[in-house]
Amino acid sequence: MVSEFIIAGFPGLQDRESKTILFAVFLTVYLLILLGNLLLICILAADTSLHTPMYLTMCSLAIIDISLSTCTVPTMLAVFSSTTHTVSFSACFTQTYLFLCLLTTESFNLLLMAYDRYVAICHPLHYPARMTIMFTLQLVVVCWLGGFLCPILSLILALTKRFCGPNRVLQCFCDYAGVLRLACGDVLSTSYVSLSVALSVLLIPLFLILLSYVKILLSLLRMSSSGGRAKAISTCSSHLLVISVFFLTTAGVFISYRIPGTSVDMRVMGSVTQNVFPALMNPIIYCLRTKEIRDSLVKTLRKYLPR
């Protein structure tokens with residue numbers, strides 16, 4: 001029985017020079033992810049005018065991004081800085097489970113953010129009563145609980161398999177698909193069930209998000225105030241960019257695994273991009289495109305930096 005897994009990293013980039021470059025790049029990206037998302041959280045926490053449901057969901061997204069990158073990037077750095085990196089059986093499946101949980105939670109959180117904008121724009125008179133801070137906090141908790149419950153079936157199915165032969169994971173971390181391929185015996189039914197769960201937690205929120213934005217668009221077209229329309233479009237465009245980054249990178253990973261002839265290095269790059277790119281871009285998008293956050297950041301900098 002397998003007691004540990006070897007994390008291969010990029011099979012085509014095993015020389016010391018390539019690994020050193022990858023280590024430097026991903027260390028820099030990881031530090032930027034931490035800096036950007038922690039800065040966003042601090043801005044949202046320090047400015048009481050930003051203590052609203054929309055920014056609460058944004059804060060939750062920043063916490064998810066920090067957690068998701070912290071779940072995987074340190075393993076990547078360990079792989080790039082060593083000749084052979086091994087992970088125990090239990091640690092590997094723990095990482096796999098946490099990665100799936102956080103990915104699912106992010107999908108649910110993006111749906112919650114879309115619902116918040118839908119209520120604010122399509123039902124503005126009901127928004128203060130319906131989307132209170134306490135109710136939004138409860139919905140955030142539901143997103144996190146749902147995110148941690150949904151992957152349990154996939155994890156249990158994988159753990160019921162015997163791992164008795166190869167133990168080399170062709171990834172930069174313990175990816176579910178990469179680990180499941182190493183199981184002895186037939187894993188086709190497990191793969192189909194896991195794929196169905198994954199598609200459900202991604203496509204159902206995506207469908208509801210698109211539906212909410214269709215209704216938002218129709219509401220904006222009927223809006224008489226040009227100033228209100230411009231503000232709503234600015235807020236929604238930032239959210240749509242974040243949604244696009246998340247779902248397009250995730251779709252890229254799914255597609256890469258199902259296109260025959262796709263190189264292992266391309267699949268690994270797809271998974272790595274899915275890990276770090278949304279977490280890197282989200283705080284940049286929100287800080288650059290959300291006027292209230294920009295103003296709060298400028299005000300904070302003026303307060304603490306010497307003139």
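Note on Leu31: it clusters hydrophobically with Ile33, by side-chain heavy-atom contacts below 4.5 Å among ILVMFWY residues. Clustering ILVMFWY residues whenever any of their side-chain heavy atoms sit less than 4.5 angstrom apart, transitively, puts Leu199 in the very cluster that holds Phe108. Under the 4.5 Å side-chain heavy-atom criterion for Ile, Leu, Val, Met, Phe, Trp and Tyr, Phe80 and Val25 are members of the same hydrophobic cluster.
Distance OG1/Thr52 to OH/Tyr127: 6.0 Å, rounded to 0.5 Å.
Checked options Val242, Ile243, Ile209, Leu61; the residue passing with Met113 is Leu61 (criterion: side-chain contact (heavy atoms from CB on, under 4.5 Å)).
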Assess whether side chain to side chain contact (heavy atoms under 4.5 Å, CB included) is satisfied between Thr70 and Leu34, documenting all intermediate values.
CA-CA 9 Å; Thr70 301; Leu34 293 180; 4.2 Å; yes
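Side-chain contact check for Tyr286 and His239: no donor-acceptor pair (N or O, by modelled atom type) lies under 3.5 Å.
Taken together, Cys184 and Cys164 meet the criterion of an SG-SG distance shorter than 2.5 Å.
In this structure a side-chain-to-backbone donor-acceptor pair under 3.5 Å is present from Gln95 to Cys71. Counting only distance, with no hydrogens or angles, the side chain of Lys19 and the backbone of Ser82 share a donor-acceptor pair below 3.5 Å. A donor-acceptor contact shorter than 3.5 Å is absent between the side chain of Asn167 and the backbone of Val2.
When hydrophobic side chains of Ile, Leu, Val, Met, Phe, Trp and Tyr are connected at separations under 4.5 Å, Leu188 ends up clustered with Tyr192.
With contacts defined as side-chain heavy-atom distances shorter than 4.5 Å, the pair Thr48/His51 qualifies.
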